[in-house]
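Here the structure comes first, spelled out in structure tokens, and everything after it is commentary.
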2 protein chains.
Amino acid sequence: MKTVYERADIVPLLAEIFRELGYEGATLSRITERTGIGKGSLYHFFPGGKEEMAGAVLADIDGWFEEAVYRPLRNDDARQAIAAMWLNVADYFRSGGRICLVGAFALDGTRERFSAAIGDYFIRWIEALRSALMRAECAEREAQTLAEEGVCGIQGALVLSRALKDEAVFTRSLETLAKRLEAATR
Amino acid sequence: MKTVYERADIVPLLAEIFRELGYEGATLSRITERTGIGKGSLYHFFPGGKEEMAGAVLADIDGWFEEAVYRPLRNDDARQAIAAMWLNVADYFRSGGRICLVGAFALDGTRERFSAAIGDYFIRWIEALRSALMRAECAEREAQTLAEEGVCGIQGALVLSRALKDEAVFTRSLETLAKRLEAATR
DNA sequence: GTCTATATGGAGATAGAC
DNA sequence: GTCTATCTCCATATAGAC
């Protein structure tokens, strides 16, 4: 077991704990318990305490999406980037077994604390998808609607699959969404 | 100001507080503060404490949906019931200004505590909507897909409108969903 | 039924030895 | 950097007077 860490090692561990327990539910004792990292170390890396930890997690998530999803949507071949998005998203959310922390924070009392990061994440996702749809010869109005519908549907699918404890719902929903967007492009 | 209560008076107040602050964020002191009801009274009505309070809220929500949405979907004129659903839902969620507590609990660490009630709420919603769609001459497979897509889309729209603090996203998403279902029935 | 006072536990956070 | 010990505060919950 590793006993010397840096921030970058810890953030993904924190992410899983916040995802599973929520912001309030992720107490410091549970964090030390699950990671094996003592409070002393945690406060060494995150002097701002729990709020800084969650902020770092959100920044990390944002970075991943920017690189793996948004940038390709904005710059690469549009239809290919959209197809890659569905695959990456299904993978990232483990077919619905893993929730979207940003979405969960948005519904939570946590929202106010991180509202800038939360809003940004979704705005940029929708905008990047809209850009890809327009390059794929979607009409302007339809591109906006479909981009919102796509991001919206992913979030809903996560809620539903988690509520029903049924990953098939997630997979099915993503397939339906993918077909809708596919049908509107060429 | 009313000073004598019964359970039925308190439950809706609790509902708003849980919606706004989440299960963990809704502390007893904040509850007494916002409702003006002392801890003594709260424990008088809900001897099981906060968990019983949240359970009562979920049961109340479930009852409202059963009556206002699910039953009409199962029994009334299908197309009319579906149209009424969109209106009732937009109204109930205050055009996205109010979240779905059941969905929020599903994403939260709270899920395990109430998983039966949470699963039930969504299963019955989807099933009722599917039933209406089939009576409106939707093919069996398509009815299942569209029912899931509808419920899913509503939840996603709530996440998104809350994240972006923009109720227009909610309204727009519901319109898009309504059109999709409308197009598949007759 | 409602209030005030209080018990008890665990929360986030800090100090300082190593 | 990591640990243990400890601080303070507020959480849920209870007791008992009125």
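Numbered from 1 within each chain, the chains take letters A, B, ... in sequence-line order. Just so we're clear, the structure is a prediction, and the values are computed from it rather than from any experiment.
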Handout entry: Whole-Å gap separating C1' (dC3(D)) and OH (Y5(A))
Key = 14 Å
Completion exercise
Quick tally for nucleotides 12-18 of chain C: nucleotides whose base has a protein heavy atom under 4.0 Å get B, sugar-phosphate-only ones S, the rest -, giving BBB----
Completion exercise
From CD1 of I37(B) across to C1' of dT4(C) the rounded distance in Å is 17 Å
Completion exercise
Hits for side chain to side chain contact (heavy atoms under 4.5 Å, CB included) against I123(B), two or more places apart or cross-chain, chain-then-number order -> L164(A)
Handout entry: Nearest non-hydrogen partners of G96(A) and S161(A), listed with the distance
Key = O-OG, 3.5 Å
Practice task
Provide, to the nearest angstrom, the distance between the CZ atom belonging to F45(B) and the P atom belonging to dT14(D).
Solution key: 17 Å
Problem - Option passing ring pair (Phe, Tyr, Trp, His ring centres under 6.0 Å) with F114(B) (candidates Y121(B), F18(B), F105(B)) - result: F105(B)
Problem - Nearest non-hydrogen partners of F46(B) and E52(B), listed with the distance - result: C-OE1, 3.5 Å
Exercise for the section: Could you tell me which residues satisfy side chain to side chain contact (heavy atoms under 4.5 Å, CB included) with Q80(A), sequence neighbours excluded, listed by chain and number? Expected result: D77(A)
Exercise for the section: Would you kindly give the CG-to-C1' distance between L42(A) and dT2(D), to the nearest whole Å? Expected result: 11 Å
Problem - Charged tip of R98(A) within 45° of Y92(A) ring normal and under 6.0 Å - result: yes
